[in-house]
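Notes for the one structure printed next.
So that the names make sense, note that chain A is the first sequence line, chain B the second, and so on, each numbered from 1. What you see is a predicted model; the values in this text were computed from it and never measured.
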There are 2 protein chains.
Amino acid sequence: MTSPPPKLDAAELVEGFRGYMRDHNLPLTHQREAIASALFHSEEHLSVEDIEAILRDENVHVGKATVYRTLDLLVRAGLVDEHDFGEGFKRFEPRSARSHHEHLICLACGKVVEFTSERIERMKALIADEHGFRHHHHRLDIYGVCSECQGRAAVTLERSPDRPGGGSR
Amino acid sequence: MTSPPPKLDAAELVEGFRGYMRDHNLPLTHQREAIASALFHSEEHLSVEDIEAILRDENVHVGKATVYRTLDLLVRAGLVDEHDFGEGFKRFEPRSARSHHEHLICLACGKVVEFTSERIERMKALIADEHGFRHHHHRLDIYGVCSECQGRAAVTLERSPDRPGGGSR
DNA sequence: GGGTGGCTTGAAACTCGTTCTCAACCCCAG
DNA sequence: CTGGGGTTGAGAACGAGTTTCAAGCCACCC
Ligand SMILES: [Mn+2]
Ligand SMILES: [Mn+2]
Ligand SMILES: [Zn+2]
Ligand SMILES: [Zn+2]
C-alpha cells in the first residue's frame, strides 16, 4: 500500500462550511460540525453508513436523518461531492482544492483510484457544445480489475451466466 | 422532433435471445417473449414502468417480478444494457449492432442524446492501462440543458440554495 | 444570565424501486 | 400425453433515503 497523496485542507473546508452557514443564517449545531468534520478529515469516498460508524466510534450520537440532511447541505454548499458507484447507495467525498477528477473502480476489491485528464475535460465540453447542450456536470467512471486483484479470483466478479435472481444489492 | 436514426434490428436481437435461451436450456415463455419484444422494438431508454405500460397497452399481463427477472436475463445475455441516469430507477435499452455509446442527458426535460467518441474510447483504455487496471466497462454521462430548454425555466433545475429536504426521488 | 422565536433534531413511520417467497402453473423432452 | 423442473405472480420483504412532528437547541436580544 503506497501512501495516498494527502487529500487536502480539512481546515479550509471547515471554514468554508462555517462561512456558508453564517451567510445563510443557519445554525451550526454540534451534529453538523461532527458530520462535516468526519467527512472532511477522511481520505475516502464515504457512505452514510461509514459516516455513522465514524461518529459512533467517537461516541457522538447523530440520527441518520440528520446525517442525510447535513450531507445535503454540504453538497449544496459545494463542499462535498456525491457519487454513485452502482452499489445501491451513495458515497460522499470532500471537494478538495484540486480540480475535478474521475474514478477508476476495481470490481473485485472496490478500490477507487482517482485521475484527471485535461483532454477528457476539453472533450466533454466540446461534445456538449456540438449537441447544443449547456454543460452542467458529467460523470466518468471506469470499472475494471486492479493489478493486485488480477492474480486470482478474477472470476468472482462474473455473475453466473444463467439462473436469474442472484441479487446484488 | 427530428426522426432519430433507426435503432436497428429488433429481429436480430429476438433471434439472439432465442439462441441464448436454447443454449442455456431455458424455456422461452410468452412472458419472456413479450418483454424482450417490447424492449427490442423500442427506440428509447425504458424504465420497468415504461415496459409494464407497453405490455398493459397490448393487454398482456405480466407480473413485475417477471419483468425484472427477464431484464436480468437479457442483460446477462448481452442483449440489453442497463443505465442509471440518477433518477432513482434503472433504464434499459437494447444493445444495437452499433458500437458502445455515451449519453447526454438534459436536466430540464430528461431528453437523452447519444454520441460516440473514438477518442474517448481510446483514452479510457489508455488510462486504465496507466493505472494497471484491466478495463471492464465504463460510463460517461454528461448532464446539461438542451438547446430547446435553454430558452426559459433554466432555473427549475437549480434546487433552492438553503433549506434541506427538497426531495428529488 | 435569562428569554424567545425559529430552526434543528431524532425516532419512527413512510416511500418506492427492487428482490424474495412459495404455491400454482407452464414448457418441452421423452 | 406426461412428468418434472423451471417459471410465474401476488404479496411480503428489503433497504436506502425521506418525511413527520413533538421536543430541544442556537443565536440574538435585552
Ligand atoms: Mn474522488
Ligand atoms: Mn443509449
Ligand atoms: Zn482490486
Ligand atoms: Zn431539454
Taking NE2 from A:His24 and C1' from D:dA27, how many angstroms apart are they, rounded to a whole number? 17 Å
B:Glu52 atom CD is separated from D:dT8 atom P, nearest whole Å, by 14 Å
Whole Å only: how far is the CD atom of B:Glu33 from the P atom of D:dT8? 12 Å
Which letters describe nucleotides 21-30 of chain C, given B = protein heavy atom under 4.0 Å from base, S = only from sugar-phosphate, - = neither? B-----SS--
Transitive ILVMFWY cluster of A:Met123 at side-chain heavy atoms under 4.5 Å: who else is in it? A:Leu104, A:Val113, A:Phe115, A:Ile120, A:Ile127, A:Phe133, A:Leu140, A:Ile142, B:Leu104, B:Val113, B:Phe115, B:Ile120, B:Met123, B:Ile127, B:Phe133, B:Leu140, B:Ile142
The helix from C:dG1-D:dC30 to C:dG30-D:dC1: angle between terminal helix axes, five bp per end, to the nearest 10 degrees, reads 30°
With ILVMFWY side chains joined below 4.5 Å, transitively, what does B:Leu126's cluster contain besides itself? none
Under the salt bridge (Lys or Arg N to Asp or Glu O under 4.0 Å) test, residues paired with B:Arg18 that sit two or more places apart: B:Glu15, B:Glu33
A:His135: partners by ring pair (Phe, Tyr, Trp, His ring centres under 6.0 Å), with sequence neighbours left out: A:His138
Whole angstroms only, please: what is the CZ-C1' distance between B:Phe89 and D:dG17? 16 Å
I want to check one thing: is the phosphate of D:dA27, taken as OP1 and OP2, less than 4.0 Å away from some side-chain N or O of A:Arg22? no
A:His61: ring pair (Phe, Tyr, Trp, His ring centres under 6.0 Å) partners, not counting sequence neighbours: none
Are any protein N/O atoms closer than 3.5 Å to N/O atoms in nucleotides 1-4 of chain C? If there are, list each pair with its distance.
none

Touch check for A:Lys90, heavy atoms < 4.0 angstrom, all strands: base, sugar-phosphate only, or nothing? sugar-phosphate
Rounded interatomic separation in angstrom, taking CE from A:Met21 and P from D:dC25: 17 Å
Hydrophobic clusters here meaning ILVMFWY residues chained together by side-chain heavy-atom distances under 4.5 Å, can you tell me if A:Val75 and A:Leu28 are in one? yes
Reckon A:Tyr68 has a side-chain N or O less than 4.0 Å from the OP1 or OP2 of D:dT18? no
Starting at atom CG of A:Asp72, determine the distance to atom P of C:dT8, rounded to an integer number of angstrom. 12 Å
Tell me every residue that passes ring pair (Phe, Tyr, Trp, His ring centres under 6.0 Å) with A:Tyr68, counting only those two or more places apart in sequence or in another chain. none
Of the non-hydrogen atoms in A:His45 and A:His101, which two are nearest, and what is the gap between them? NE2-NE2, 4.5 Å
Output a table of donor-acceptor pairs, distance under 3.5 Å, between side-chain atoms of residues 50-58 of chain A and any protein atom two or more places apart or on a different chain; print 'none' if there are none.
from	atom 1	to	atom 2	distance (Å)
A:Asp50	OD1	A:Ser47	OG	3.3
A:Asp50	OD2	A:Ser47	N	2.9
A:Asp50	OD2	A:Ser47	OG	3.1
A:Asp50	OD2	A:Arg91	NH1	3.2

Of the listed nucleotides (C:dT8, D:dA10, C:dA13), which one gets closest to any side-chain atom of A:Arg32? C:dT8
Residues that A:Lys111 engages under salt bridge (Lys or Arg N to Asp or Glu O under 4.0 Å), provided they are two or more places apart: A:Glu148
Identify, with sequence neighbours excluded, every residue that meets salt bridge (Lys or Arg N to Asp or Glu O under 4.0 Å) alongside A:Glu49. none
Is B:Asp84 salt-bridged to B:Lys90, going by a charged N under 4.0 Å from an acidic O? no
From CD of B:Glu87 over to C1' of C:dC16, roughly how many Å is that when rounded to an integer? 14 Å
Round to the nearest Å and state the distance from A:Asp84 atom CG to C:dG17 atom P. 16 Å
Please compare B:Phe92 and A:Thr66 by the position of their nearest nucleotide in DNA chain C and report the one closer to 5'. A:Thr66
